[in-house]
Visitor: 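I am attaching a structure below and will ask some questions about it afterwards.
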Protein chains: 2
Amino acid sequence: MSWVETELREQPTALERFLAAETAHATEIARGLIRDDIRYLLIVSRGSSSNVARYLQYLFGTANRLTVAFATPSLYTVYDAPPNLDAASVIAISQSGASPDVVAVLEEARRQGRPTLAITNDSRSPLAEAADWVLPLHAGEERAVAATKTYLNSIAAVALLSTTALGDADRLRTLRSSPEAVARQIDLALPVAPELTRYNDVESGTVVTRGVNYGTAFEIALKIRELSGAPFEAFSSADLLHGPIAALKPGRPAIVITRSGRTLDSMRAAIDKIRERGAEIIAISNDADFLASAQTAFPLVPDLPGWLAPLLTVVPGQVAAVELAKLRGADIDSPTGLTKITRTR
Amino acid sequence: MSWVETELREQPTALERFLAAETAHATEIARGLIRDDIRYLLIVSRGSSSNVARYLQYLFGTANRLTVAFATPSLYTVYDAPPNLDAASVIAISQSGASPDVVAVLEEARRQGRPTLAITNDSRSPLAEAADWVLPLHAGEERAVAATKTYLNSIAAVALLSTTALGDADRLRTLRSSPEAVARQIDLALPVAPELTRYNDVESGTVVTRGVNYGTAFEIALKIRELSGAPFEAFSSADLLHGPIAALKPGRPAIVITRSGRTLDSMRAAIDKIRERGAEIIAISNDADFLASAQTAFPLVPDLPGWLAPLLTVVPGQVAAVELAKLRGADIDSPTGLTKITRTR
């Protein structure tokens with residue numbers, strides 16, 4: 001079995017390890033980071049970690065009622081003109097903790113006296129050294145270039161921070177139950193993989209969602225692209241209608257992530273457009289009717305509420321990315337042109 | 001001639017009209033919006049206007065030293081859980097001013113007592129009515145579905161706000177000279193269009209840059225996609241190295257936007273990777289060596305400094321989008337599946 005498939009299956013164990021080790025620590029970090037005088041969070045990240053940052057934006061927006069901004073590292077490194085960060089707490093998310101541009105933003109934040117946190121899988125990385133607090137991911141060594149368990153644990157780290165900042169015991173209990181739910185989700189997704197054989201000649205596609213799974217859509221698109229080289233792209237269903245829908249057509253499947261209820265309702269117009277334009281739908285959903293209407297159906301286990309859905313929704317995407325790459329004969333552990341640690345300035 | 005080509009050529013006139021009409025007014029708006037107690041700007045937008053928002057993020061970051069966050073409208077409309085906007089000024093950018101989700105964010109900001117501005121081409125739109133201040137774009141009626149002059153005037157509106165907030169007379173003079181520079185840029189770009197015939201069978205591609213032209217890369221990718229249906233995508237050169245580079249290959253040209261100096265230096269590694277992977281380069285640049293090394297060269301007129309480059313760099317992209325669409329026999333004034341005013345909730 002490839003490393004990426006092995007690590008995909010290790011996710012529940014890695015998640016359990018992180019939650020067991022860091023719950024008390026996260027409570028302490030949240031106290032220092034989410035203070036009354038903080039008006040917004042600034043997040044710095046690259047690659048898969050930027051998809052985690054999108055989850056953070058939705059979760060801290062809806063649950064903690066905080067605005068979340070994303071740093072543009074070139075202001076700090078290329079232009080040497082960093083903005084004033086008064087009233088911000090700054091969070092860096094990086095599996096390796098090694099990219100100099102991400103480190104540069106955190107260092108500048110510290111220079112300005114802002115509270116800083118590094119969420120990383122390497123507690124001895126330059127990023128960890130630059131931060132006031134470090135939340136270690138405990139994912140263990142990740143050998144595949146494409147992140148799976150470090151991504152999932154980063155999502156959990158964000159959920160844990162939000163929950164401990166709220167001091168909500170019910171939500172914490174639900175989060176602590178997530179490793180079992182992820183294990184069930186993996187078991188439910190793997191048997192669907194053979195159905196993707198119908199997409200063996202697919203050259204490109206889209207991933208569409210709205211709301212809290214927005215980052216998941218980007219992560220699935222990135223995973224497919226990294227593993228197979230097929231350019232899949234992510235859109236919010238609303239943004240899709242404002243222009244990019246022109247790229248939908250037969251032969252370019254659309255992976256649609258949606259839970260029942262308000263999110264699905266808000267996506268109806270986009271889903272109709274996708275169908276109108278003849279693109280096949282690969283559904284990742286807990287909605288029986290929507291699943292039945294799709295060409296390929298990845299059901300979601302019902303165990304977790306919407307705010308934790310991103311721990312589940314990415315799994316079918318990881319499974320699909322592996323399968324599409326195999327169909328194309330790609331070397332999934334060493335994708336062309338990629339390295340595990342990317343250092344950009 | 002198509003509407004989009006006519007309007008592309010009208011851009012210098014429309015830009016001149018906007019700057020003449022709104023400079024004094026923008027000074028007054030900037031005074032109300034960029035106050036000492038403001039810690040960050042929150043921007044709400046969709047489609048091409050979101051590409052303008054990316055320019056705003058770089059310009060206000062480097063010149064005005066303000067952090068810029070992008071609103072996620074679903075927090076306001078789908079989840080009904082808007083964040084606390086204390087310390088923010090809120091700017092909506094929308095050509096039509098008609099999209100309910102964009103209006104909803106501005107209305108919530110006003111409910112929270114925050115200063116609000118609408119940048120729009122329709123001063124009587126619902127968005128204009130919801131805002132404390134309105135900065136009208138004076139682009140005139142835009143008939144083509146694909147935005148050209150409303151996009152350029154929105155970029156100018158952002159530059160004007162930043163400049164008047166700084167009270168910098170030199171920068172204002174430079175900005176006021178931009179319509180002539182844009183006219184020269186159009187004259188310089190149009191004759192290059194026939195060289196794009198070599199890309200008549202191109203199915204997809206990328207647009208790569210770093211820094212202040214980041215939004216331009218997204219706008220060019222969107223324009224190509226809207227007009228011809230070919231999925232072009234935009235990346236920062238740094239993000240490209242963190243994963244998506246797997247999608248670069250022969251037959252997928254890369255449009256690379258870069259000015260001489262620090263930006264070009266910071267992009268060298270990505271440019272080498274693009275070449276290594278066999279993708280042809282369409283250069284939009286003022287750097288003679290880089291232009292000479294590219295398969296297709298769109299030179300930039302030397303008239304404007306870096307912070308105003310986005311007024312120029314988009315023009316070759318607009319010209320390329322029109323040409324690529326014609327090569328594919330697309331109806332460029334009525335792209336399949338799109339409408340001029342998109343209303344999402």
Side-chain angles (χ1 to χ4, degrees), chain A residues 39-40 42 46-48 50 57-58 61-62 65-69 72-75 77-79 81-88 101 203-204 210-211 214 222 225-226 229-231 233 236 238-239 241-249 262-263 266 269 273 276-277 335-338 342 344-345, chain B residues 39-40 42 46-48 50 57-58 61-62 65-69 72-75 77-79 81-88 101 203-204 210-211 214 222 225-226 229-231 233 236 238-239 241-249 262-263 266 269 273 276-277 335-338 342 344-345:
Chain A
R39 291 288 163 264
Y40 69 97
L42 182 73
R46 291 279 183 201
S48 281
S50 291
Q57 184 175 36
Y58 280 90
T62 51
R65 299 291 175 102
L66 268 171
T67 298
V68 175
T72 41
S74 67
L75 300 189
T77 58
V78 179
Y79 293 106
N84 180 326
L85 301 177
D86 285 0
D101 49 1
E203 283 302 317
S204 60
R210 193 148 191 223
Y214 189 54
L222 177 59
R225 183 186 292 260
E226 285 179 330
E233 300 173 282
S236 119
D239 283 328
L241 297 179
H242 284 265
I245 200 156
L248 289 173
K249 62 178 192 183
R262 284 190 290 186
T263 315
S266 82
K273 279 267 188 188
E276 249 171 53
R277 297 183 61 93
T336 330
L338 290 178
T342 311
T344 50
R345 281 172 202 283
Chain B
R39 292 287 163 264
Y40 70 99
L42 182 74
R46 292 280 183 200
S48 280
S50 291
Q57 183 175 36
Y58 280 90
T62 52
R65 298 290 174 105
L66 268 171
T67 297
V68 176
T72 40
S74 66
L75 299 191
T77 58
V78 179
Y79 293 106
N84 179 326
L85 302 176
D86 284 0
D101 48 0
E203 283 301 316
S204 61
R210 192 147 192 223
Y214 189 53
L222 177 59
R225 184 185 292 260
E226 285 179 330
E233 299 173 282
S236 122
D239 283 328
L241 296 179
H242 284 265
I245 199 157
L248 290 172
K249 60 178 193 183
R262 284 190 289 185
T263 314
S266 82
K273 278 268 188 188
E276 249 170 53
R277 297 183 61 93
T336 330
L338 290 177
T342 311
T344 48
R345 282 172 201 282

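Lettering of chains follows the sequences in order, A, B, ..., and the numbering in each one begins at 1.
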Visitor: Indicate the atoms forming the closest heavy-atom contact of Ala69(A) with Thr67(B), along with that distance.
Guide: CB-CG2, 3.9 Å
Visitor: Within the 3.5 Å criterion, strictly below it, is a donor on Tyr214(B) or Thr72(A) matched to an acceptor on the partner's side chain?
Guide: no
Visitor: Heavy-atom distances under 4.5 Å only: say whether Ser266(A) touches chain B with side chain, backbone, both or neither.
Guide: side chain
Visitor: Chain B: which of Leu85(A), Leu42(A), Asp86(A) shares the most heavy-atom pairs with it under 4.5 Å?
Guide: Asp86(A)
Visitor: Between Asp101(A) and Ala238(B), which heavy-atom pair has the shortest distance, and what is it?
Guide: OD2-CB, 4.2 Å
Visitor: Taking all non-hydrogen atoms of both residues into account, name the closest pair between Gly211(A) and Tyr79(B) and its distance.
Guide: CA-OH, 3.4 Å
Visitor: Heavy-atom distances under 4.5 Å only: say whether Thr263(A) touches chain B with side chain, backbone, both or neither.
Guide: both
Visitor: With chain A as the partner, which of Ser74(B), Pro73(B), Ser236(B) has the greatest number of non-hydrogen pairs under 4.5 Å?
Guide: Ser74(B)
Visitor: Nearest 0.5 Å please: distance from the CD atom of Glu233(B) over to the CD atom of Glu233(A).
Guide: 4.0 Å
Visitor: Using a cut-off of under 4.5 Å for heavy-atom pairs, which of Ala87(A), Ser50(A), Pro82(A) has the most such pairs with chain B?
Guide: Pro82(A)
Visitor: For Arg262(B) and Val78(A), indicate whether the former's side chain and the latter's backbone hold a donor-acceptor pair under 3.5 Å.
Guide: yes
Visitor: What distance do Leu75(B) atom CG and Gln57(A) atom CD have between them, rounded to the nearest 0.5 Å?
Guide: 7.0 Å
